[in-house]
Amino acid sequence: MQPDHEVVIVGAGFGGLGAGIEFKRLGVDDIAILEREDDLGGTWHVNHYPGLAVDIASVTYSYSFEPNPHWSRLFAPGAELKRYANHVADKYDLKRHMEFSTTVEGAEWDEAEQLWRVHVADDGVRTCRYLVTATGFLSQPYTPDFPGIESFAGKIIHTTAWEDGHDFVGERVAIIGTGATAVQLIPEIAAQAERLTVFQRTPIWVVPKLDFPIPAAVRKIFDRVPLTQRAARLVNTSLLEALMVFGVLHYKQAKPGNRLAALIAKAHLRTQVRDARTRRALTPSYDFGCKRPTFSNSYFRTFNRPNTTLQTSSIERVEPGGIVTADGTTTEIDTLVLATGFNLWDVNFPAFAIVGRDGRDLGKWWRDNRFQAYEGITVPRFPNLLSLNSPYSYSGLSYFTTIEGQMKHIRRLFGELRSRGGSTFEVTDEANDEFLDKVTDRLQSSVFYNGSCATARSYYFNQHGEAALLRPTSTLSTLREMERFPLDAYTYR
Ligand code: NAP
């Protein structure tokens with residue numbers, strides 16, 4: 001049976017674009033990119049709250065093969081990332097493959113026909129030879145079930161459903177959450193609202209952001225002499241790599257590196273917040289790196305403003321007029337902003353039901369056994385499936401390392417498949433087990449299992465208490481391993 005498409009890619013964010021580019025390089029043109037949103041860009045399309053910007057410098061947070069000399073700042077604003085995604089889609093001729101407002105609800109492997117049956121909402125079934133899930137890690141917004149929230153009489157805005165026209169001037173506003181999103185948003189709302197109350201459950205480690213506009217002359221040099229931008233990328237990526245490898249992955253051997261990062265964050269807090277009690281409340285009780293830290297020069301300072309209050313008592317309920325906390329305080333508000341992040345481990349992994357060979361259900365199998373994927377991309381009993389957002393796939397601090405590593409993996413895998421004249425691949429149990437053992441072993445040196453992470457409430461940990469998100473190798477090793485994995489890790493038919 002001839003499938004509808006050679007390749008279906010689910011998701012038109014940077015992961016999906018990367019996979020599309022790689023398949024085009026392999027000469028495949030029969031590609032459908034299905035995207036549930038109404039435009040491409042993934043995170044950078046969905047998120048458009050005020051203050052949105054990358055927190056990994058743009059020279060690094062971009063494809064290495066598609067440098068953008070036009071970033072206006074070292075840390076580009078979100079809108080520039082969206083423009084960059086558009087540029088990439090145009091340049092690599094990906095737009096004609098995209099179908100927006102198209103939600104994939106499930107997929108199952110058809111062993112007889114050796115293809116995937118993909119269920120699309122309101123559009124029946126599409127078949128494809130190869131299925132790529134590029135659905136992101138942070139793509140399922142999370143709204144806590146606060147008692148009484150449905151009775152709230154004012155406006156509720158989740159940061160992933162931002163209302164661009166909303167005017168906070170003169171309003172009493174509450175924001176729940178102090179993750180990387182809130183850190184960017186809080187200074188912006190505080191500058192407008194009459195009163196802002198920040199509801200913090202767990203403080204976040206924040207280090208200074210060495211951000212500045214990139215002068216036009218430098219942009220011109222980046223444009224004319226691309227080597228200069230490559231050099232800037234190398235320097236920045238190396239610094240991030242040092243933070244990741246010595247601060248997080250090799251915590252056991254290099255504790256001083258981790259302690260230094262925490263000291264920098266504490267000194268930053270000390271210089272920015274005048275009130276000692278507020279400083280104490282903003283100081284994490286868990287080790288640096290247990291939870292993703294963030295970068296900001298304006299977040300801490302916001303708590304010096306007379307109109308901004310930090311509330312650390314836990315939320316008991318929401319009433320029509322405001323929020324009641326365990327200390328008995330009622331905070332009256334007009335607008336409630338939920339910066340409560342994403343649900344990774346319950347509703348993601350995978351983002352929709354995937355049933356492979358022998359009826360193996362990926363979500364159930366991951367939950368009943370351990371979360372696992374060979375090189376963070378393929379799973380036994382799931383032939384011809386490339387699951388880009390898999391356990392142990394996220395490498396380094398910039399998502400582009402993960403994407404480019406996976407592109408290399410696709411290139412090598414399909415090169416071999418073709419040279420054998422095959423059309424179906426499947427990773428072996430042995431290769432998968434060996435990889436799981438390797439990452440489990442390497443993680444034993446990390447801050448996750450040696451540091452004090454109990455109070456972090458970190459999404460790096462899954463429901464079994466395993467830090468199953470990050471790949472515990474340096475980015476150089478990741479890229480090398482993706483280029484050199486043993487070809488007999490797969491069976492080919
Ligand atoms: P997040 O890090 O998961 O933060 C969610 C916040 O909501 C946390 O402070 C959490 O508190 C709080 N929260 C959740 N449920 C709660 C409850 N029931 N009661 C009180 N507080 C509750 O989500 P995020 O800030 O959206 O960031 C997610 C990730 O997106 C970041 O780690 C980063 O990787 C990425 N990001 C990147 C950028 C960038 O590069 N520009 C910007 C934003 C986000 P607890 O910690 O206590 O659970």
Side-chain angles (χ1 to χ4, degrees), residues 13-14 42-44 46-58 60-62 73-82 136-149 157-162 174-188 197-207 209 211 240 244 281-282 284-286 289-296 299 310-318 323-326 331 336-346 348 389 394 396-400 402 453-461 469-470:
F14 282 119
T43 285
W44 302 102
V46 170
N47 287 287
H48 42 92
Y49 58 80
L52 175 70
V54 286
D55 65 5
I56 299 294
S58 301
T60 293
Y61 193 88
S62 44
R73 307 185 64 85
L74 192 57
F75 292 84
E80 289 187 30
L81 269 293
K82 173 83 196 281
F137 295 102
L138 303 165
S139 51
Q140 316 289 347
Y142 172 60
T143 298
D145 195 11
F146 296 115
I149 193 164
I157 308 175
H158 194 285
T159 54
T160 56
W162 197 257
I175 179 162
I176 302 178
T178 51
T181 298
V183 165
Q184 294 186 336
L185 187 55
I186 284 166
E188 302 287 327
T197 309
V198 177
F199 289 80
Q200 170 188 277
R201 187 164 66 179
T202 310
I204 183 169
W205 285 109
V206 183
V207 288
K209 190 171 183 178
D211 190 19
L240 291 174
M244 189 69 179
L282 288 167
S285 59
Y286 54 89
C290 291
K291 183 180 193 134
R292 189 183 183 284
T294 193
F295 304 79
S296 173
Y299 171 65
L310 180 65
Q311 173 58 270
T312 55
S313 179
S314 60
I315 296 169
E316 281 222 320
R317 63 181 183 279
V318 179
I323 298 178
V324 182
T325 38
T331 305
L336 170 57
V337 175
L338 296 172
T340 45
F342 303 86
N343 192 334
L344 266 83
W345 296 104
D346 297 324
N348 230 342
N389 306 106
Y394 201 107
L397 277 171
S398 164
Y399 188 29
F400 284 85
T402 308
C453 290
T455 58
R457 289 180 186 272
S458 165
Y459 64 68
Y460 289 159
F461 293 87
L469 186 66
L470 299 187

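Whatever order the structure lists ligands and atoms in, that order sets their numbers, starting from 1.
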Which segment of [X] sits under 4.0 Å of ligand 1 when only heavy atoms are counted:
X      : answer
Thr178 : both
Gln184 : side chain
Pro144 : side chain
Tyr399 : neither
Ser314 : neither
Phe199 : neither

Contact check, side chains of Ile323 and Gln311, non-hydrogen atoms, under 4.5 Å: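 Sidechains of Gln311 and Ile323: no contact.
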Determine whether a donor-acceptor pair (N or O, by modelled atom type, separation under 3.5 Å) exists between the side chain of [X] and the backbone of [Y].
X      : Y      : result
Asn348 : Phe137 : yes
Trp345 : Phe461 : yes
Lys291 : Arg457 : yes
Ser314 : Ala326 : no
Tyr399 : Tyr61  : no
Thr43  : Ser139 : no
Trp44  : Glu80  : no
Thr340 : Tyr142 : yes
Ser58  : Ala76  : yes
Gln200 : Ala281 : yes

Asp55 and Lys209: CA distance, side-chain angles, deciding distance, salt bridge (charged side-chain N to carboxylate O under 4.0 Å, His left out) verdict: CA-CA 8 Å; Asp55 65 5; Lys209 190 171 183 178; over 6 Å; no
Could you tell me, atom by atom, which parts of ligand 1 come under 4.0 Å of a heavy atom of [X]?
X      : result
Lys291 : 45 (P), 46 (O)
Val54  : 40 (O), 41 (N)
Thr202 : 45 (P), 46 (O), 47 (O)
Tyr459 : 29 (C), 31 (C), 32 (O), 33 (C), 34 (O)
Tyr49  : 42 (C), 43 (C)
Leu138 : 29 (C), 30 (O), 34 (O), 35 (C)
Arg457 : 45 (P), 47 (O), 48 (O)
Tyr142 : 15 (N)

Nearest protein heavy atom to [atom], by residue and atom, and its distance?
atom                    : answer
atom 6 (C) of ligand 1  : Ala339 O, 3.3 Å
atom 2 (O) of ligand 1  : Gly179 CA, 3.8 Å
atom 44 (C) of ligand 1 : Thr181 OG1, 3.4 Å
atom 12 (C) of ligand 1 : Gly177 CA, 3.7 Å
atom 39 (C) of ligand 1 : Ala53 O, 3.4 Å

Between Thr181 and Thr159, a side-chain donor and acceptor under 3.5 Å: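 No, no side-chain donor-acceptor contact under 3.5 Å.
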Residue-ligand contact Phe146/ligand 1, heavy atom below 4.0 Å: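 Under 4.0 Å: yes for Phe146.
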Ligand 1 and [X], any nitrogen or oxygen pair closer than 3.5 angstrom?
X      : result
Trp44  : no
Ala180 : yes
Ile176 : no

Atom 29 (C) of ligand 1 protein-contacted (non-hydrogen atom, under 4.0 angstrom):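 Within 4.0 Å: yes, protein heavy atom nearby.
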Distance in Å, Thr331 OG1 paired with Leu336 CG, rounded so as to fall on 0.5 Å steps: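 Between atom OG1 of Thr331 and atom CG of Leu336 there are 11.0 Å.
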Nearest-option assignment for atom 37 (C) of ligand 1, heavy atoms, candidates Ile56, Asp55, Asn47: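 Nearest option to atom 37 (C) of ligand 1, by heavy atoms: Asp55.
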